[in-house]
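Bear in mind the structure is a predicted one, so any value in this text is a computation, not a measurement.
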Amino acid sequence: EVQLVESGGGLAQAGGSLRLSCAASGFTYDDYVMGWFRQTPGKGREAVSCIASNPNSTHYSDSVRGRFTISSDDAKKTMYLQMNNLKPEDTAVYYCAADRGSRFSGPVAACLYGMDYWGKGILVTVSS
């Protein structure tokens with residue numbers, strides 16, 4: 001059974017930083033895509049950033065490009081999202097997602113269509 005567990009959320013001030021982690025277990029694909037999505041009340045799910053393993057490539061939404069950095073540590077089976085220069089509009093529940101890399105042409109498609117495996121989400125609150 002695939003399990004994705006997010007950690008690292010919480011409260012930050014505008015201009016501050018947080019780092020989210022997503023620990024994967026039961027996920028055995030060497031060729032994978034993983035990503036971060038977020039959702040706020042009354043709004044649909046928004047893709048934040050996705051990463052593919054083969055070839056190693058990343059994708060960011062326009063709203064976070066230049067501020068957020070996605071990365072993964074294959075040995076630890078953990079994905080990260082370093083969030084810098086946070087803004088109040090980044091406040092949301094952030095979800096980790098993962099899937100086989102062969103299902104998608106790359107991280108752009110993975111962010112666009114979503115993935116099969118999801119974490120339970122973690123709240124990030126940015127105060128002004």
Side-chain angles (χ1 to χ4, degrees):
E1 179 187 5
V2 175
Q3 286 191 328
L4 303 174
V5 179
E6 302 96 339
S7 62
L11 178 64
Q13 291 188 331
S17 299
L18 284 173
R19 189 175 82 153
L20 302 183
S21 299
C22 172
S25 61
F27 190 74
T28 60
Y29 304 112
D30 292 330
D31 179 17
Y32 63 83
V33 290
M34 297 185 75
W36 293 96
F37 297 76
R38 65 187 182 187
Q39 189 163 17
T40 54
K43 291 184 66 176
R45 185 183 67 195
E46 175 192 10
V48 175
S49 181
C50 294
I51 186 168
S53 63
N54 184 23
N56 188 16
S57 53
T58 59
H59 170 69
Y60 298 92
S61 69
D62 289 343
S63 60
V64 307
R65 187 175 291 112
R67 300 188 297 122
F68 291 9
T69 302
I70 191 171
S71 63
S72 62
D73 185 328
D74 290 351
K76 295 182 178 180
K77 294 187 177 181
T78 301
M79 177 181 62
Y80 305 96
L81 186 69
Q82 178 66 45
M83 305 186 293
N84 297 330
N85 191 21
L86 284 162
K87 302 177 180 180
E89 50 264 42
D90 293 321
T91 295
V93 176
Y94 283 71
Y95 296 90
C96 165
D99 210 326
R100 291 170 293 161
S102 59
R103 288 194 62 208
F104 303 93
S105 58
V108 175
C111 267
L112 179 63
Y113 295 112
M115 305 177 206
D116 273 354
Y117 304 108
W118 293 86
K120 294 183 178 180
I122 193 164
L123 179 62
V124 170
T125 303
V126 183
S127 62
S128 57

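Contact between Ala98 and Leu4 at its shortest, heavy atoms only, is N-CD1, 3.7 Å. Considering all non-hydrogen atoms of both residues, Arg100 and Val33 come closest at O-CG2, 4.0 Å. Taking all atoms of both residues into account, the shortest heavy-atom contact from Ala92 to Thr40 is CB-CG2, 3.5 Å. Across all non-hydrogen atoms, the minimal contact from Tyr29 to Tyr32 is O-CD2, 3.7 Å. Closest heavy-atom contact between Cys22 and Met34: SG-CE, 4.1 Å. The shortest heavy-atom contact between Phe37 and Ala97 is CE1-CB, 3.8 Å.
With values rounded to the nearest 0.5 angstrom, Asp73 atom CG is found 6.5 Å from Thr78 atom OG1. In this structure, Ser128 OG and Glu89 CD are separated by 10.0 Å, a value rounded to the nearest 0.5 Å.
Under the 4.5 Å side-chain criterion, counting only non-hydrogen atoms from C-beta, Asp31 is in contact with Ser53. Side-chain contact check for Tyr95 versus Gln39: some heavy-atom pair is nearer than 4.5 Å.
Within the 3.5 Å criterion, the main-chain N or O of Lys120 finds a donor-acceptor partner in the side chain of Glu6. Under the 3.5 Å distance criterion, the side-chain polar atoms of Asp99 are matched with a main-chain donor or acceptor of Asp116. Judged by distance alone, the side chain of Gln82 and the main-chain N or O of Thr69 form no donor-acceptor pair under 3.5 Å. In this structure a side-chain-to-backbone donor-acceptor pair under 3.5 Å is missing from Ser49 to Trp36.
Under the 4.5 Å side-chain heavy-atom criterion for ILVMFWY residues, a single connected hydrophobic cluster contains both Met79 and Phe27. Val124 and Trp118 fall into different hydrophobic clusters, where Ile, Leu, Val, Met, Phe, Trp and Tyr residues are linked whenever their side-chain heavy atoms come under 4.5 Å apart, directly or through other members. In the hydrophobic clustering of this structure, Ile51 groups with Tyr117; members are Ile, Leu, Val, Met, Phe, Trp, Tyr whose side-chain heavy atoms approach within less than 4.5 Å, directly or through other members. Under the 4.5 Å side-chain contact rule for hydrophobic residues, Leu123 and Leu81 do not share a cluster.
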Please list every donor-acceptor pair under 3.5 Å in which a side-chain atom of residues 9-21 meets a protein atom from a residue at least two apart or in another chain.
unit_1: Ser17; atom_1: OG; unit_2: Asn84; atom_2: OD1; d: 2.9

Kindly list each side-chain donor-acceptor pair under 3.5 angstrom involving residues 58-67, sequence neighbours excluded, with atom names and distances?
unit_1: Tyr60; atom_1: OH; unit_2: Ile70; atom_2: N; d: 2.9
unit_1: Ser61; atom_1: OG; unit_2: Ser63; atom_2: OG; d: 3.0
unit_1: Asp62; atom_1: OD1; unit_2: Arg65; atom_2: NH1; d: 2.6
unit_1: Ser63; atom_1: OG; unit_2: Arg38; atom_2: NH2; d: 3.4
unit_1: Ser63; atom_1: OG; unit_2: Glu46; atom_2: OE2; d: 3.1
unit_1: Arg65; atom_1: NH2; unit_2: Tyr60; atom_2: O; d: 2.5
unit_1: Arg67; atom_1: NH1; unit_2: Asn85; atom_2: O; d: 2.9
unit_1: Arg67; atom_1: NH1; unit_2: Asp90; atom_2: OD2; d: 2.7
unit_1: Arg67; atom_1: NH2; unit_2: Ser63; atom_2: O; d: 2.8
unit_1: Arg67; atom_1: NH2; unit_2: Asp90; atom_2: OD1; d: 3.0
unit_1: Arg67; atom_1: NH2; unit_2: Asp90; atom_2: OD2; d: 3.4

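Counting only residues at least two apart or in different chains, disulfide (SG to SG under 2.5 Å) contacts with residues 42-72 comprise Cys50-Cys111.
Aromatic ring pairs are classed by plane angle as parallel below 30°, tilted from 30° to 60° and perpendicular above 60°; the pair Phe68 and Tyr94 is tilted.
No more than 12 heavy-atom neighbours from other residues, nucleotides or ligands sit within 6.0 angstrom of CG on Asp30.
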